[in-house]
Trainee: 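This structure is in structure tokens; I'll ask about it shortly.
The figures that follow rest on heavy atoms only: side chains count, while hydrogens, waters and symmetry mates do not. Labels below follow one simple rule: chain letters A, B, ... track the order of the sequence lines, proteins then strands, and each chain is numbered from 1.
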Amino acid sequence: GAGVSQTPSNKVTEKGKYVELRCDPISGHTALYWYRQSLGQGPEFLIYFQGTGAADDSGLPNDRFFAVRPEGSVSTLKIQRTERGDSAVYLCASSLSAGSTDTQYFGPGTRLTVL
Amino acid sequence: QKEVEQDPGPLSVPEGAIVSLNCTYSNSAFQYFMWYRQYSRKGPELLMYTYSSGNKEDGRFTAQVDKSSKYISLFIRDSQPSDSATYLCAMRHMNTGNQFYFGTGTSLTVIP
């Protein structure tokens, strides 16, 4: 079946603008995760959803970042007043549930560039 | 200090060589250990998953965990040019297992 998909694949914006990044998880996966990967670094956890609710948002860097998953499937990561330091690849992953042994499957990422 | 340390490389080996990739960690609560492969401009792809100490083998890949030393390894036998990628180690806690902690990744090139 289809894997995790993310749109857009690339996003270029200007400092101060608002952006939305979309994630379509694997069908039937209840857990969804957002990570940020800066150049030369490993992915860094941002937020995790179990169903519609954000079960852990401890990785969101500040209140400019917000994510939703209103119907328990597609999720949108929203960044307000973008800054140049927000430039990174934003990765989404999903897993069947949130159990410790459940594998996270990653999407290809959205490359965000803030000019 | 980062919770997970990984030498970023780059590492360059001839085809057929045995490759050894390593990570160290500081948090003894980590119980689940994973290795991901990431090709350029792609998302990470799970290679190996191990729980606690010991070895696990899958084809040309062997994952090794030494909890007493807080050290994990991935060995690749008979390396192929198609193995050229960045290899990321990742770990999660036993009780709060939803958050993965990644290393920085090691860039590997296998030369034909």
Side-chain angles (χ1 to χ4, degrees), chain A residues 2-10 21 23-26 29-51 53-60 88-111 113, chain B residues 2-11 21-25 27 29-52 56 58 63 65 72 74 85-108:
Chain A
V4 177
S5 62
Q6 292 185 248
T7 54
S9 54
N10 283 283
L21 311 178
C23 173
D24 267 283
I26 292 172
H29 281 193
T30 63
L32 185 147
Y33 308 78
W34 283 99
Y35 292 83
R36 177 168 69 175
Q37 187 173 23
S38 300
L39 192 62
Q41 302 295 316
E44 179 185 21
F45 172 81
L46 295 176
I47 186 170
Y48 143 69
F49 287 89
Q50 178 59 47
D56 182 353
D57 64 357
S58 62
L60 294 177
V89 175
Y90 288 82
L91 293 164
C92 176
S94 71
S95 63
L96 195 58
S97 69
S100 295
T101 59
D102 284 331
T103 301
Q104 293 187 13
Y105 296 89
F106 283 83
T110 293
R111 184 174 299 273
T113 303
Chain B
K2 282 188 175 181
E3 295 212 55
V4 182
E5 298 281 354
Q6 183 175 10
D7 185 340
L11 187 61
L21 304 165
N22 310 295
C23 287
T24 58
Y25 62 96
N27 192 334
F30 288 134
Q31 291 281 354
Y32 301 93
F33 305 93
M34 290 136 290
W35 286 95
Y36 282 82
R37 177 174 62 196
Q38 186 173 27
Y39 292 113
S40 181
R41 296 188 173 257
K42 301 287 186 185
E45 167 195 15
L46 182 68
L47 276 179
M48 300 286 286
Y49 185 110
T50 55
Y51 169 71
S52 201
K56 183 175 181 179
D58 183 1
V65 173
I72 69 170
L74 178 71
T86 295
Y87 289 80
L88 297 153
C89 63
M91 309 177 187
R92 63 197 303 187
H93 298 154
M94 184 171 186
N95 295 321
T96 58
N98 303 310
Q99 187 176 142
F100 280 19
Y101 296 82
F102 282 86
T104 55
T106 299
S107 175
L108 171 68

Trainee: Contact part of B:Pro8 toward chain A, heavy-atom cut-off under 4.5 Å: side chain, backbone, both or neither?
Mentor: neither
Trainee: Contact part of A:Gln6 toward chain B, heavy-atom cut-off under 4.5 Å: side chain, backbone, both or neither?
Mentor: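 Contact with chain B: none, neither part.
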Trainee: If the test is side-chain contact (heavy atoms from CB on, under 4.5 Å), which one of B:Thr106, B:Ile72, B:Thr104, B:Val65 qualifies with B:Cys23?
Mentor: B:Ile72
Trainee: Using heavy-atom distances under 4.5 Å, tell me whether A:Ser9 contacts chain B through its side chain, its backbone, both, or neither.
Mentor: neither
Trainee: Of the backbone (N, CA, C, O) and the side chain (C-beta and beyond), which part of B:Gln6 lies under 4.5 Å from a heavy atom of chain A, both, or neither?
Mentor: neither
Trainee: Chain B heavy atoms under 4.5 Å from A:Tyr105: which part of the residue, side chain, backbone, both or neither?
Mentor: neither
Trainee: For the rings on B:Phe33 and B:Tyr51, is their centre-to-centre separation under 6.0 Å?
Mentor: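 No, the ring of B:Phe33 stays outside the 6.0 Å limit from the ring of B:Tyr51, centre to centre.
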Trainee: Suppose we call two aromatic rings close when their centres sit under 6.0 Å apart. Are A:Tyr35 and B:Phe102 close by that rule?
Mentor: yes
Trainee: Can we call the ring centroids of A:Phe106 and B:Tyr36 under 6.0 Å apart?
Mentor: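 Yes, they do, as the ring centres are separated by less than 6.0 Å.
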Trainee: Go through it in stages, so that I can follow the logic: the residues are B:Leu46 and B:Met34, the test is side chain to side chain contact (heavy atoms under 4.5 Å, CB included), and I'd like the CA-CA distance, side-chain angles, deciding distance and then a yes or no.
Mentor: CA-CA 7 Å; B:Leu46 182 68; B:Met34 290 136 290; 4.0 Å; yes
